[in-house]
Protein chains: 2
Amino acid sequence: MGRGGRERNGQTGARALDVAALAGVSTATVSRAFNAPEKVAPEIREKVLKAAAELGWMPHPAGAALASRRTWLAGVLIPTLDNDVFASQVGALQTRLSADGVTVLIGCSNYDADQAANQVRTMLARGVEALAVVGESHRPGLFETIAARGVPYVVTYSHRPGSPHPSVGFDNAAAFRRIARHLLDLGHRDFALIHQPSIDNDRVVARIEGLRAALAEEGMALRPQHVREGPASITFGRQSLRSIMEAAGPRPTAVVCGNDALAIGALIEARALGMSVPEELSITGFDDVAMAEQTDPPLTTMRVDNAEIGRQAADYLLACLAGRPPPPPPPLESRLILRASTGAPARTA
Amino acid sequence: MGRGGRERNGQTGARALDVAALAGVSTATVSRAFNAPEKVAPEIREKVLKAAAELGWMPHPAGAALASRRTWLAGVLIPTLDNDVFASQVGALQTRLSADGVTVLIGCSNYDADQAANQVRTMLARGVEALAVVGESHRPGLFETIAARGVPYVVTYSHRPGSPHPSVGFDNAAAFRRIARHLLDLGHRDFALIHQPSIDNDRVVARIEGLRAALAEEGMALRPQHVREGPASITFGRQSLRSIMEAAGPRPTAVVCGNDALAIGALIEARALGMSVPEELSITGFDDVAMAEQTDPPLTTMRVDNAEIGRQAADYLLACLAGRPPPPPPPLESRLILRASTGAPARTA
DNA sequence: AAGTGCTATGTAAGCGCTTACATTCTGATC
DNA sequence: GATCAGAATGTAAGCGCTTACATAGCACTT
């Protein structure tokens with residue numbers, strides 16, 4: 001793009017010195033009137049503010065940042081905004097940070113590790129003072145780069161026991177183990193799994209492992225033809241359920257889905273195939289989106305408070321910025337919401 | 001929050017001068033090696049890069065911004081990220097701007113005009129060089145403030161004929177007129193409207209006006225008991241449909257909804273009330289979310305390419321930043337997607 | 001009347017970088 | 001061999017602000 005050089009930069013041309021002159025004070029007082037009003041006598045403050053308004057002046061960000069060594073900028077790196085889950089995290093994070101005067105800079109990786117690294121580099125080059133990053137499977141050295149600049153960061157969405165990073169999120173493996181437990185307790189012995197792409201996505205990997213581990217404890221395993229990986233869409237959920245049901249061999253009685261969109265797709269397709277849920281087939285989702293309680297039957301799913309992740313991440317970073325030693329955040333609770341899409345399998349009933 | 005003062009700012013402590021010394025060149029060459037590599041002899045560039053890597057140095061954003069008068073920051077103001085529509089706009093905007101090295105700063109107004117004004121003020125104070133703002137009904141002077149700083153901006157989501165602002169969006173009034181036309185052509189004469197809060201929301205106001213105007217042309221009007229305003233949720237859609245159907249007087253045969261969530265709610269409630277769609281009741285949405293084609297019956301709705309809004313807004317701002325006189329963007333097309341939730345009313349059939 | 005402790009303001013030294021301009025050097029041209 | 005254009009590098013002047021420190025002014029004490 002045009003590297004512009006010394007082009008018009010937007011300031012009205014007025015500087016602190018001009019405001020100072022107009023108000024009959026020094027630049028120090030002008031600065032104080034804006035940044036520490038309580039240190040300036042009310043009437044002088046008035047004069048300064050009026051002068052500034054008259055000239056349309058506002059402290060120049062770069063000058064202020066250079067002199068104060070504060071940018072009041074924080075960054076958030078997420079895979080994409082096209083997913084409610086991340087959008088609401090960012091929304092909550094932004095709201096919280098903004099209350100403390102910190103503005104949020106956003107970077108999307110599109111689930112690509114190189115893009116993630118680039119976005120982080122760019123955000124650092126823009127002067128972020130803190131960073132929230134989704135997941136911990138990133139290019140080696142990414143977190144070191146961040147830390148080397150003295151920028152506090154927090155990992156979101158995963159809370160893997162033993163992770164070296166401060167993280168705000170829930171234990172994905174445990175959450176899926178919980179889902180498996182629920183289905184096992186109902187008597188299911190044949191499972192299928194429909195999940196989103198797992199590459200560079202530690203959350204998804206952890207979920208799959210949680211499920212497999214729970215099954216393994218019962219001496220069970222997923223048949224390869226009963227595992228589908230693809231885009232986290234309703235459409236892929238439908239396709240997947242169909243191909244699972246058309247596969248040779250015994251049919252599963254329970255389909256575990258990586259998120260609600262996939263589960264809703266599976267639900268729709270089950271109906272299209274004439275299968276009754278949960279009598280013939282149990283289906284579970286993950287996230288508990290608004291639609292989940294409106295489906296027919298309503299969807300059994302795992303509720304995760306994404307906004308809370310954003311809020312806690314913001315609080316953690318804010319504490320770091322304030323120089324307060326922040327306590328390591330505990331894992332968030334995810335809660336199994338039992339609705340009507342799961343039940344005992346017909347054969348064992 | 002802690003106003004920190006001269007605290008550790010994250011830089012490793014190394015400055016351009018240190019890198020220059022280590023590489024045996026001047027600071028000018030260091031700067032050029034990073035910002036205009038083609039102007040530096042390859043071997044010297046190598047030396048500089050190696051020295052920088054060794055010291056963990058990277059140009060300090062504030063110093064660079066101050067000297068170059070470029071921040072490479074752009075801002076986007078939206079009501080909330082909790083709405084797919086805005087989230088995908090921001091996503092697309094970010095992707096496009098990031099390709100040109102511009103980082104996106106985000107501000108949410110939560111549909112509140114004061115917060116909107118504050119967020120814009122803050123983003124200006126952080127040095128944004130361009131701004132995308134949803135809608136044009138804002139505190140008086142907001143756009144003047146932006147323009148006074150010489151910051152190019154663009155309004156998104158509305159494309160009101162006669163608006164003084166450059167805008168990227170579609171004509172909301174025309175879009176709803178189009179929906180009304182469709183239903184009128186099918187023979188409907190009794191309409192209901194379920195819509196989201198209209199305060200400070202010119203898009204919603206325009207849509208309502210478009211519908212009313214289309215009806216007025218046929219000498220028709222909405223009965224007050226057939227108009228419901230509230231949160232844009234499935235739940236409110238359900239509640240609203242029920243109260244409309246329970247209201248005294250003749251029932252409407254067509255329910256126009258402000259977005260798909262409301263329409264999906266209405267659809268669900270219609271089914272719960274035992275009404276068949278579209279035989280007894282036609283329902284329309286707006287946005288064409290993924291779920292819209294999966295409902296039963298699939299939803300007739302208006303498709304708007306929100307990502308395209310983000311892309312075009314980004315392109316417009318980029319052109320401004322490059323100093324190229326940007327052409328006034330034409331209105332985007334919205335397209336009526338005819339599905340099975342609308343049909344001829346029973347009475348007139 | 002001199003001393004004391006505040007508070008409000010001013011002075012001036014940078015913050016770390018970019019870039020216009022000056023300088024040096026190279027190789028080609030006359 | 002002198003001249004010159006052009007490329008690569010260096011010099012140094014800011015960019016606009018904040019803030020440590022110095023100073024002045026004031027209301028009290030003693």
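A, B, ... follow the sequence lines: proteins, then strands. Residue 1 opens every chain.
DNA chain D is contacted by both B/Gly63 and B/Pro42; B/Pro42 maps to the nucleotide lying nearer its 5′ end (nearest heavy atom per residue). Residue-to-nucleotide proximity on DNA chain C shows that, of A/Thr27 and B/Ala62, the 5′-proximal contact is made by A/Thr27.
Across the protein-nucleic acid pair, A/Leu17 atom CG and D/dG16 atom C1' stand 10 Å apart, rounded to whole Å. Computed from coordinates, the A/His60 NE2 to D/dC17 P distance equals 7 Å when rounded to whole Å. Atoms CG (A/Leu66) and C1' (C/dA13) sit 13 Å apart, rounded to a whole Å. Spacing between atom CH2 of B/Trp57 and atom C1' of C/dG16 amounts to 9 Å, rounded to whole angstrom units. In this entry the distance linking CE of A/Met58 with P of D/dC17 reads 12 Å, nearest Å. The CZ-P distance, from A/Phe34 to D/dC17, rounds to 10 Å in whole Å. Rounded to an integer number of Å, the gap from CG of B/Asn35 to P of D/dC15 is 19 Å. Separating the CD1 atom of B/Ile44 from the P atom of C/dT26 is a distance of 12 Å, rounded to the nearest angstrom.
Each end of the helix from C/dA1-D/dT30 to C/dC30-D/dG1 yields a helix axis from five base pairs, and these two axes differ in direction by 50° (to the nearest 10 degrees).
The nearest pair of heavy atoms linking A/Ala65 to B/Ala62 is CB-CB, 3.7 Å.
The side chain of B/Ala41 approaches D/dA8 more closely than any other nucleotide in the set D/dA8, D/dC17, C/dG10. Residue B/Thr29 has its side chain nearest to D/dG10 when only D/dG10, C/dA8, C/dC15 are considered. The nucleotide whose nearest atom lies closest to any side-chain atom of A/Arg32 is, among C/dG14, C/dC17, C/dT9, C/dT9. Each of C/dT18, C/dT9, D/dT18 was ranked by its minimum atom distance to the side chain of A/Pro59; first place goes to D/dT18. Closest to the A/Ala67 side chain, of the nucleotides D/dT19, D/dT9, C/dC15, is C/dC15.
Remark: the backbone N or O of A/Gly91 is paired with a side-chain donor or acceptor of A/Thr95 at under 3.5 angstrom. Checking side-chain atoms of B/Arg126 against main-chain N and O of A/Trp72 turns up a donor-acceptor pair under 3.5 Å.
Within the structure, every side-chain polar atom (N or O) of A/Ser68 is placed at least 4.0 Å from both OP1 and OP2 of D/dT18.
Across all strands shown, B/Val30 has no heavy atoms under 4.0 Å from either base or sugar-phosphate atoms. Using a 4.0 Å heavy-atom criterion, one finds that A/Ala28 contacts the bases of the nucleic acid, with or without backbone contacts as well.
Remark: A/Phe143 pairs with A/His138, A/Tyr153, A/His165 by the ring-ring contact (aromatic ring centres under 6.0 Å, His included) rule, at least two apart or across chains. In this structure A/Tyr316 satisfies the ring-ring contact (aromatic ring centres under 6.0 Å, His included) test with no other residue, sequence neighbours excluded.
Put simply, the side chain of B/Arg69 and the base of D/dG16 share no donor and acceptor less than 3.5 Å apart.
Of the N and O atoms on the side chains of B/Glu136 and B/Ser158, not one donor lies less than 3.5 Å from an acceptor on the other residue. Donor-acceptor pairing under 3.5 Å is recorded for the side chains of B/Ser98 and A/Gln119.
Side chains of B/Val120 and B/Thr145 form no contact here, defined as non-hydrogen atoms less than 4.5 Å apart.
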